[in-house]
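Atom set for the values below is all heavy atoms of this structure, side chains included, hydrogens, waters and symmetry mates excluded. Just so we're clear, the structure is a prediction, and the values are computed from it rather than from any experiment.
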Amino acid sequence: MRLFPGVSLIAALVAGVTVLAPADPAGASPGGAGPSRSSPSVAETRADAHCARQDRLRVPGAELQRSACLADLTTTGLAGTPYTDMADQAGLAARETRHPSGVPGVQIDGYFPDDSRLNATHGWAHDAQFVIRLPDRWNGGLVVTGAPGTRRQYATDALISDQVLARGFAYAATDKGNTGPDFFTDGRGPGDAVAEWNRRVTELTRAAKKAVRQRYGRAPERTYMTGISNGGYLTRWQLENRPELYDGGVDWEGVLWTARGPNLLTSLPVTVARSFGRATDDDVIGAGFAPGSRFLWPYHEKAYWGLTQKIFRAEFDPSYDPACPGSTAGGTLEQILAPCASDASYDYASRPASVQRAVARVALTGRIGKPLITLHGDLDTLLPIATDSDVYARMIDGKGRGGLHRYYTVRGGTHTDGLYDTYPDRLRPILPCYRSAFDALTRWVENGTTPPADRTIARPAVGDVVNSCALDG
């Protein structure tokens, strides 16, 4: 569950907004160089010039949309413009990560009808915001994702959008319908906010397919769902519940929700108890956290554990301590990050049955209907691999769907690649492994090339660990 990489990003999320120009952007060019083609299979659309049919594009169901003809749809071209938000991506990638660039096309920003107002991007103060990117050179595919943690629609531009656009895919992302540390205030009852996440991804997928047809004259031949953290959860849920919309997916450390546990509300209370001196390091390890991750605990205690526990407990179990989550609404930075003392004693198993029913609304089963590749770092200190992806892999096998699944443990990987810059001698970024996994998925789906068997990907002693990762190396 990717929330925030630290105090600096929290401040940006609380105070910062992005304003979208009401008309065509300054500097948007009707021309521009062709895209970097990282795959020889990327095919040019035959008769379409740069930004052709832009004026005809309509996103079905959108309450508001604005399109722009851009010379480069990647973060290299968009950084500093209203068409991405680099602050909302902070901490997700290692500093030396290489990013493709030079992909001209059309970008559509907008929102679907919604009654919540947590997303201030573009000055709209309106949730259910989305971005759709349609490259001039299209390979016939579409990639869909949802924001990780409580971020917004541009959060995975550098992680996912850049790479898939350079491969020739169209791309669509959603803010999930609610954002920020007060996301749990959306909805009328426990679990409503998270349930909306899944609905918004389905809504965007269907609409994006139709927008693709308008742009290129034909529907996408292949549609892939993917995401990191909460986006990984969304990938799992979509392939379980809406498999007809997709051809496969890549799940990067998705959050596991099960009604009886494990879930975030069963793993995190011990970390809060440790913060208040009520639990030991051994208790944390006993809850599934890797012993080798101890060096990451001080950071997670400051920026993740307490905040994550209280906002998701407020989402699924608001009656437990109604006063404490209020510290996130209009609170100081310290109040937002601070754990609730009451959460140190939280016991999910003893809570009323209504809490498990709320989680059951969004729970996973393992019954995937399309090919799925999962990656998870063995030093993940927010979502311990032992209580998350290890469990989910067994759930998939238990449903008889193991043939549709590949599971790769990344040695030295943790929840956010940005921490590699602080601990380059102990960690490795997962992003290059994710990129390899996405390519492996497309070969599996489109060519029938079976990916490597489930395995642990070793941390290499030499080479460009930031930008290379062989799944079978």
Side-chain angles (χ1 to χ4, degrees), residues 1-12 86-99 148-149 151 155-156 158-159 228-229 232 252-255 267-268 270-271 274-275 280-282 284-285 287-308 337 339 374-390 408-437 455-471 473:
M1 202 277 327
R2 169 62 188 143
L3 279 166
F4 311 104
V7 173
S8 61
L9 180 59
I10 290 273
M86 302 307 292
D88 205 33
Q89 304 170 42
L92 292 180
R95 186 181 302 115
E96 298 302 318
T97 300
R98 291 196 298 267
H99 301 283
R151 299 184 189 229
T156 54
L159 290 187
I228 174 175
S229 194
W252 179 349
E253 65 195 23
V255 180
S267 61
L268 286 179
V270 69
T271 67
R274 179 181 176 276
S275 299
T280 67
D281 286 7
D282 287 344
V284 175
I285 292 169
F289 291 82
S293 69
R294 272 191 177 96
F295 69 99
L296 295 169
W297 293 5
Y299 171 79
H300 285 76
E301 184 174 53
K302 179 180 181 181
Y304 281 107
W305 287 342
L307 174 62
T308 306
L337 291 169
T374 295
L375 301 100
H376 207 124
D378 67 344
L379 296 183
D380 194 317
T381 312
L382 183 61
L383 302 177
I385 191 171
T387 60
D388 192 283
S389 292
D390 285 357
Y408 304 122
T409 300
V410 181
R411 186 76 72 192
T414 193
H415 201 67
T416 54
D417 282 2
L419 286 170
Y420 168 81
D421 297 326
T422 304
Y423 302 103
D425 56 332
R426 305 194 211 185
L427 299 176
R428 73 158 301 165
I430 297 177
L431 177 57
C433 303
Y434 167 82
R435 289 174 170 175
S436 295
R455 63 185 297 270
T456 296
I457 302 172
R459 185 182 182 278
V462 297
D464 186 0
V465 67
V466 176
N467 294 292
S468 63
C469 177
L471 299 183

Take Tyr420 and Val465 through the test side-chain contact (heavy atoms from CB on, under 4.5 Å) and record every step on the way to the result. CA-CA 10 Å; Tyr420 168 81; Val465 67; 3.2 Å; yes
Going through the checks in order, is the side-chain contact (heavy atoms from CB on, under 4.5 Å) test met by His376 and Leu383? CA-CA 9 Å; His376 207 124; Leu383 302 177; 4.2 Å; yes
Taking [X] for its side chain and [Y] for its backbone only, find out whether a donor-acceptor pair lies under 3.5 Å.
| X | Y | value |
| --- | --- | --- |
| Ser436 | Pro432 | yes |
| Thr308 | Trp305 | no |
| Glu253 | Gly232 | no |

What I'd like to find out is whether the side chain of [X] reaches to under 4.5 Å of the side chain of [Y], using heavy atoms alone.
| X | Y | answer |
| --- | --- | --- |
| Asp380 | Phe289 | no |
| Cys433 | Arg428 | yes |
| Arg151 | Leu92 | yes |

What is the minimum heavy-atom distance between [X] and [Y], and which atoms define it?
| X | Y | answer |
| --- | --- | --- |
| Leu296 | Leu379 | CD1-O, 3.7 Å |
| Asp378 | Gly412 | OD1-N, 2.7 Å |
| Pro384 | Gly288 | CB-O, 3.3 Å |
| Val270 | Ala287 | CG1-CB, 3.5 Å |

First locate atom [atom1] of [X], then atom [atom2] of [Y], and finally report the distance between them rounded to the nearest 0.5 Å.
| X | Y | atom1 | atom2 | answer |
| --- | --- | --- | --- | --- |
| Ile457 | Tyr408 | CD1 | OH | 7.5 Å |
| Leu427 | Thr422 | CG | OG1 | 8.5 Å |
| Asp390 | Ile385 | CG | CD1 | 5.0 Å |
| Leu382 | Thr414 | CG | OG1 | 8.5 Å |
| Leu375 | Cys469 | CG | SG | 8.0 Å |

Kindly write out the residues that satisfy side-chain contact (heavy atoms from CB on, under 4.5 Å) with [X], not counting sequence neighbours, or none if the list is empty.
| X | answer |
| --- | --- |
| Thr97 | Ala93, Ala94, His99, Leu431, Arg435, Val466, Asn467 |
| Arg95 | Asp421 |
| Asp281 | Arg274, Arg294, Trp297 |

Which residues pass the salt bridge (Lys or Arg N to Asp or Glu O under 4.0 Å) test with Arg98, not counting sequence neighbours? Asp464
Under the salt bridge (Lys or Arg N to Asp or Glu O under 4.0 Å) test, which residues partner Asp388, sequence neighbours left out? Arg236
Please say whether more than 12 non-hydrogen atoms of neighbouring residues, nucleotides or ligands are located less than 6.0 Å from CZ in Arg411. no
Regarding Ser275 and Glu301, do their side chains bring together a donor and an acceptor under 3.5 Å, going by distance alone? yes
Distance only, no hydrogens: is a donor on one side chain within 3.5 Å (strictly under) of an acceptor on the other, for Ser229 and His415? yes
Quick one: side chain to side chain donor-acceptor pair (under 3.5 Å) partners of Thr280, sequence neighbours excluded? Asp283
Within 45 degrees of the ring normal and closer than 6.0 Å to the centroid, is that where the cationic atom of Arg426 sits relative to Phe295? yes
The test is side-chain contact (heavy atoms from CB on, under 4.5 Å); show your working for His300 and Leu419 and say whether it passes. CA-CA 11 Å; His300 285 76; Leu419 286 170; 3.9 Å; yes
